[in-house]
Amino acid sequence: MWRRLARASIWHPDAIPPEELKYASIKRVWLPLYDFIAILAGIWALVFGSPILHKLFTNEAVDFLGALLAAAGLVCFFGVLFPALWRVEIACKLVILMLLGGYAATIVVFRTNPEPEALFIVFILCLGMIPPLIRLSILGEEIKDRHDEGDA
């Protein structure tokens, strides 16, 4: 069982084609790290919440959003580690993007007289959306390549 898991993982020597090995650290280190941080952020939100969100939503809603972020990060983490799970990774990357984008939009749209400091958070949230967008772009290219090869 452990050998099968190792063969299915992104760390298997054959997991990344030779022409893409220069980008191996992106798939083997940086994408899993991003998803791990998303898990931690979701747990943090679940435990401590967000002052901005607590002013707008119930504690239960904020807890749900934190749990959703942690769960989506966990699924994405396993999706990066095991490339065969790319479909669920795509779905959960979209969830992360919706959560970050929704949080940014909430700050801009629903806060009355948002302070300049609050808008800084909007920029940070938008910055945090770039890695999932890059990953979705990579996955899209991989899907296209599989389709072109007849393996879709």
Side-chain angles (χ1 to χ4, degrees), residues 1-50 52-53 56-58 60-110 119-152:
M1 177 180 97
W2 294 113
R3 280 191 219 145
R4 276 185 39 207
L5 276 176
R7 259 181 284 149
S9 82
I10 196 64
W11 291 292
H12 189 272
D14 298 330
I16 299 174
E19 64 272 8
E20 295 178 16
L21 283 177
K22 60 185 166 190
Y23 304 112
S25 65
I26 293 171
K27 291 183 177 183
R28 291 179 173 157
V29 177
W30 303 117
L31 291 171
L33 179 60
Y34 179 89
D35 294 330
F36 184 72
I37 292 170
I39 296 165
L40 293 178
I43 292 169
W44 195 268
L46 184 61
V47 174
F48 299 106
S50 159
I52 293 171
L53 292 180
L56 299 169
F57 303 109
T58 65
E60 293 78 17
V62 175
D63 289 349
F64 172 76
L65 294 171
L68 184 59
L69 179 59
L74 183 65
V75 172
C76 287
F77 182 77
F78 282 105
V80 170
L81 299 186
F82 299 101
L85 300 174
W86 61 269
R87 288 177 178 91
V88 293
E89 183 187 358
I90 288 173
C92 287
K93 284 286 193 258
L94 292 171
V95 169
I96 289 174
L97 285 169
M98 287 187 285
L99 288 169
L100 293 175
Y103 193 1
T106 297
I107 293 170
V108 171
V109 175
F110 294 109
L119 295 179
F120 171 74
I121 296 169
V122 171
F123 292 124
I124 296 300
L125 290 166
C126 291
L127 188 63
M129 293 172 70
I130 293 172
L133 290 168
I134 292 170
R135 179 61 176 157
L136 289 171
S137 178
I138 291 168
L139 288 168
E141 288 298 319
E142 290 174 357
I143 292 166
K144 186 176 124 294
D145 290 347
R146 280 194 298 274
H147 182 57
D148 290 347
E149 294 170 3
D151 296 337

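Bear in mind the structure is a predicted one, so any value in this text is a computation, not a measurement.
- The two atoms that bring Ala15 and Ser9 nearest to each other are CB-O, 3.4 Å, heavy atoms only.
- Ala104 and Leu125 get closest at one heavy-atom pair: N-CD1, 3.6 Å.
- Residue Trp30 qualifies as open at atom CH2: its count of foreign heavy atoms under 6.0 Å is 12 or below.
- Side-chain atoms of Arg28 come within 3.5 Å of backbone atoms of Ile10 as a donor-acceptor pair (strictly under, hydrogens ignored).
- Here the straight-line distance linking atom CE of Met129 with atom CG of Leu99 works out to 10.0 Å at 0.5 Å rounding.
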Anything under 3.5 Å between a donor and an acceptor, one on a side chain of residues 131-143, the other on a protein residue two or more places apart or in another chain? List them.
{"from": "Arg135", "atom 1": "NE", "to": "Glu89", "atom 2": "OE2", "distance (Å)": "2.7"}
{"from": "Arg135", "atom 1": "NH2", "to": "Glu89", "atom 2": "OE1", "distance (Å)": "3.0"}
{"from": "Glu142", "atom 1": "OE2", "to": "Lys27", "atom 2": "NZ", "distance (Å)": "2.4"}

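- Remark: Ser50 engages Tyr103 in a side-chain hydrogen bond (donor to acceptor under 3.5 Å, both in side chains) (not counting sequence neighbours).
- Among residue pairs with one or both ends in residues 34-48, those qualifying as salt bridge (Lys or Arg N to Asp or Glu O under 4.0 Å) are Asp35-Lys93; sequence neighbours excluded.
- Smallest separation of non-hydrogen atoms from Gly128 and Leu100: O-CD1, 3.6 Å.
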Which pairs of donor and acceptor atoms, one on a side chain in residues 68-85, lie under 3.5 Å apart (sequence neighbours left out)?
none

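- For the atom pair CD1 (Ile52) and CD1 (Ile121), the distance works out to 3.5 Å, reported to the nearest 0.5 Å.
- The side-chain contact (heavy atoms from CB on, under 4.5 Å) check on Pro17 picks up Glu19, Glu20, with sequence neighbours excluded.
- For Phe48, the ring-ring contact (aromatic ring centres under 6.0 Å, His included) partners are Trp44, not counting sequence neighbours.
- Annotation: side chain of Leu119 is in contact with side chain of Val122 (closest heavy-atom distance under 4.5 Å).
- Atom CG of Leu97 and atom SG of Cys92 lie 11.5 Å apart (nearest 0.5 Å).
- Taking CE of Met98 as the reference point, atom CD1 of Ile96 lies at 10.5 Å (rounded to 0.5 Å).
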